[in-house]
There are 2 protein chains.
Amino acid sequence: MRQGSLQVLLWQRALAPHSGRWSLPGGRLCADEDVEASIRRQLAEKVDVRQLAHVEQLAVFSAPDRVPGERVVATAFLGLVPCDNDPELPNDTSWYPVEALPDTAFDHEAIVLRARNRLRAKLSYTNLGFALAAPEFTVSALRELYSAALGYRVSATNLQRVLSRRGLLEPTGHTAPPGPSGGRPAALFRFTAGGILVTDPFAVLRPPGSARA
Amino acid sequence: MRQGSLQVLLWQRALAPHSGRWSLPGGRLCADEDVEASIRRQLAEKVDVRQLAHVEQLAVFSAPDRVPGERVVATAFLGLVPCDNDPELPNDTSWYPVEALPDTAFDHEAIVLRARNRLRAKLSYTNLGFALAAPEFTVSALRELYSAALGYRVSATNLQRVLSRRGLLEPTGHTAPPGPSGGRPAALFRFTAGGILVTDPFAVLRPPGSARA
DNA sequence: CCACGTTTTCGATTCTAAGGCGAAAACCTC
DNA sequence: GAGGTTTTCGCCTTAGAATCGAAAACGTGG
């Protein structure tokens, strides 16, 4: 989340093929690492994004002609950077809004769209939002974050109650200063610890008599 | 679904490493195919499972030591065989209940468990069940299928209503003959066409005033 | 310092959809 | 035709999300 919109970190290719186009960070898998270790290493090498709040496998992209001249199979990952973490970026690296991508290399546009869809889906049934938010946040800020990521406006009232009911949200006791035009100071919240929690993947067709603790 | 339980197709390895153990069907990726084409080819070569009702990527397994002596990165797939399709099996191939796997090779047990979890999750919020069911089925048969796959008993009444409400189920007009002990003849249903439909991945936090068409 | 606009928060109500129960329907066998 | 079996359907309950509006807590400007 950057400047009110969902953005993706791209870097401009210097070498052929597709030199000059923008691509997702990545690189080759080494002998002593699995794919997740590899993508974390690639990110740490090229940009200062060592604290990814969340990393998960997205999909394998393996069309034989996806990279001209060479057979390359890519395992795509979805990684989330908290909005309060603004890493130093090299010149050839930049954030781009997911809805307005530049000229991308290979099949990376398709990968980005897939990642966006995965994020949208998971936002609603997990607490994945915590990976995008700052450690402490107001409900309004969280609402803007969800709205931008989901692509439609969500109700702040409902967002707070849904997340609270699920036990994902807890008040910190602090309050944020009101804006320049006044207004009641907003209470600050944080997500409860415990990593990604799937709210209820089997939401429907539950076992009988399981009134959901 | 075989004999009332969720089963997985395994074949017994003839060569080292792990000779004699049971493994998931698979093989090497060729130059002119993507991973999905590859897994379909592997299945068609080794067993008569050409009509998979559903195939989807599961995850990449890439621990450096997952296969001794050689670096092998595997893209695991989840494929579903309808319960009315009983393919001819070679001698070294067999169905095994997911809950009672034999001695498996490599990390294949973990892969199977991951696949089972994915199936369970998707059964509740997609119409993926159609890929396990016969073209026409009774609600009772569908209930048994869901119960076995999910691992707990579901109510036939509720199952029918939930699926119908979502527009995933439609009556064929035919009826199945009653069992040997009598009983009202069951109506036959089919899943509505249209491939896999995600019921509502954004189930919560919907756009305002969207009462779900 | 007091009325007014602003923003957040909280409670009450409505609405949707799943869960549960029992009666009725449609078949068998004896 | 009586009794047992299985399926089907309607009604009711319950949970949780959506909506609405009032109250709280702050600024600003007269």
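Every heavy atom of this structure was used, including side-chain atoms; hydrogens, water molecules and symmetry mates were not. Each chain gets a letter, A, B and so on, in the order its sequence line appears, and its residues count up from 1.
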Nearest 0.5 Å, please: how far is CG in A:Leu113 from CG in A:Asp107?
11.0 Å

I'd like to know if the side chain of A:Thr172 pairs up with that of A:Glu170 as donor and acceptor (distance under 3.5 Å, no hydrogens or angles considered).
no

Nearest to the side chain of B:Thr157 - C:dT6, D:dG10, C:dA26?
D:dG10

For A:Ser155 and D:dT19, is the shortest distance between a side-chain N/O and OP1 or OP2 below 4.0 Å?
no

Using whole Å, what does the distance between atom P of nucleotide D:dA17 and atom CG of A:Leu169 come to?
13 Å

In whole angstroms, the gap separating P of C:dT7 from CZ of A:Arg143 amounts to 12 Å

NZ/NE/NH1/NH2 to OD/OE distance under 4.0 Å, B:Arg40 and B:Glu33
no

Below 6.0 angstrom between ring centroids: does that apply to A:Phe137 and A:Phe191?
yes

Just call it for A:Pro180: base, sugar-phosphate, or nothing, with non-hydrogen atoms closer than 4.0 Å on any strand.
sugar-phosphate

Under 4.0 Å between a side-chain N/O of B:Gln160 and OP1 or OP2 of D:dT7, yes or no?
no

Taken to the nearest whole Å, CD/B:Glu144 to P/D:dT6 is 11 Å

Would you say A:Thr138 places a side-chain N or O within less than 4.0 Å of OP1 or OP2 belonging to C:dT8?
no

Between the base of C:dG20 and the side chain of B:Arg161, is there a donor and acceptor pair under 3.5 angstrom?
yes

With a non-hydrogen cut-off below 4.0 angstrom, is B:Ala156 in contact with a base, only sugar-phosphate, or nothing?
nothing

Which listed nucleotide (C:dT6, C:dT9, D:dA17) is nearest to the side chain of A:Val162?
D:dA17

Residue mapping more 5' on DNA chain D - nearest nucleotide basis, A:Pro185 or B:Arg184:
B:Arg184

In whole angstrom, give the distance that lies between atom NE2 of B:His174 and atom C1' of C:dA26.
19 Å

Mind calculating the distance between CZ (A:Arg166) and P (D:dA15) to the nearest angstrom?
17 Å

Measure from OH on A:Tyr152 to P on D:dA17 and round the result to the nearest Å.
13 Å

Nearest-angstrom distance from the residue atom CZ of B:Phe137 to P of D:dT8
12 Å

Atom pair distance, as rounded to whole Å: CG in B:Leu159 and C1' in D:dT7
14 Å

Please tell me whether A:Ser5 and A:Gln7 have a donor and an acceptor in their side chains that are separated by less than 3.5 angstrom.
yes

Among the nucleotides C:dA17, C:dA26, C:dT6, whichever has the atom closest to the side chain of B:Arg165 is C:dA17

Side-chain atoms of A:Ser140 come closest, of D:dT7, C:dT8, C:dT9, to C:dT8

